[in-house]
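One structure is given below, encoded as structure tokens.
Residue numbers start from 1 in every chain, and the chains themselves are labelled A, B, ... in the order their sequence lines are given, proteins ahead of strands.
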Amino acid sequence: KQEVTQIPAALSVPEGENLVLNCSFTDSAIYNLQWFRQDPGKGLTSLLLIQSSQREQTSGRLNASLDKSSGRSTLYIAASQPGDSATYLCAVGKAAGNKLTFGGGTRVLVKP
Amino acid sequence: GAVVSQHPSRVICKSGTSVKIECRSLDFQATTMFWYRQFPKQSLMLMATSNEGSKATYEQGVEKDKFLINHASLTLSTLTVTSAHPEDSSFYICSARAQAPGNTIYFGEGSWLTVV
């Protein structure tokens, strides 16, 4: 059974600092890995999707890496802003369009 | 982009009553929809996978008689929480898989259920 772990569970940084969020998974036989953002009481916003054949994806200040063999992914957020404060979730999919297994999330607070 | 709509976004019901949550794919057909539950400060836990025209597949530990799922059309799945109790209070999120391209999964905005 796939297990997804996110460390740390919470993170507080001053504005401008780079953020590093970690995600690990136990079964390396994944189809893809996705990072989401969730604001309090809201749904999910997809940030980056990495296919199993890819090593990283970038979008603006966000960069996500994937090391499938070691079961790890890292989300980097450069030059953090207070608006980046949210919970970040990683999720792995075993097959195309299949159910996702989510990690516990990392709650991020960026202080002005 | 593709949109998945959930209704209602918030609902309060009395203990012992039933409440229905709808999940609609607005501009695409979804043969498969997924229902998740999220308790405060916890992650999303998959409850069931809903396939159009067939019975839902429930995850271990989820009571199928309590959480009734119907996927009668390619654009609508419903989750009915029967005989709701305060411990069922949670955030329920659905997602829908588009048939093409790439079987992309889109998430709804979620529905807050409070049972009093």
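- Contact annotation for B:Q60: neither backbone nor side-chain heavy atoms come within less than 4.5 Å of a heavy atom of chain A.
- Of the atoms belonging to B:Q38, it is side-chain heavy atoms, and not backbone ones, that fall under 4.5 Å from chain A.
- The choice from A:A9, A:P40, A:G41 that makes the most heavy-atom pairs within less than 4.5 Å of chain B is A:G41.
- The distance from atom CG of A:L11 to atom CZ of A:R107, rounded to the nearest 0.5 Å, is 11.0 Å.
- In this structure, B:Y92 and B:F67 have tilted ring planes: the angle between them lies in the 30° to 60° band.
- For A:L49, no part lies near chain B; criterion is any non-hydrogen pair under 4.5 Å.
- For A:Q38, the part lying near chain B is the side chain, with the backbone staying farther off; criterion is any non-hydrogen pair under 4.5 Å.
- In this structure, chain A has a heavy atom under 4.5 Å from the side chain of B:L46, while its backbone stays farther away.
- Ring geometry, B:W112 versus B:F91: the interplanar angle falls from 30° to 60°, so the pair is classed tilted.
- The shortest non-hydrogen separation linking A:G104 to A:Q6 is N-OE1, 3.8 Å.
- A donor-acceptor contact closer than 3.5 angstrom links the side chains of B:H71 and B:S50.
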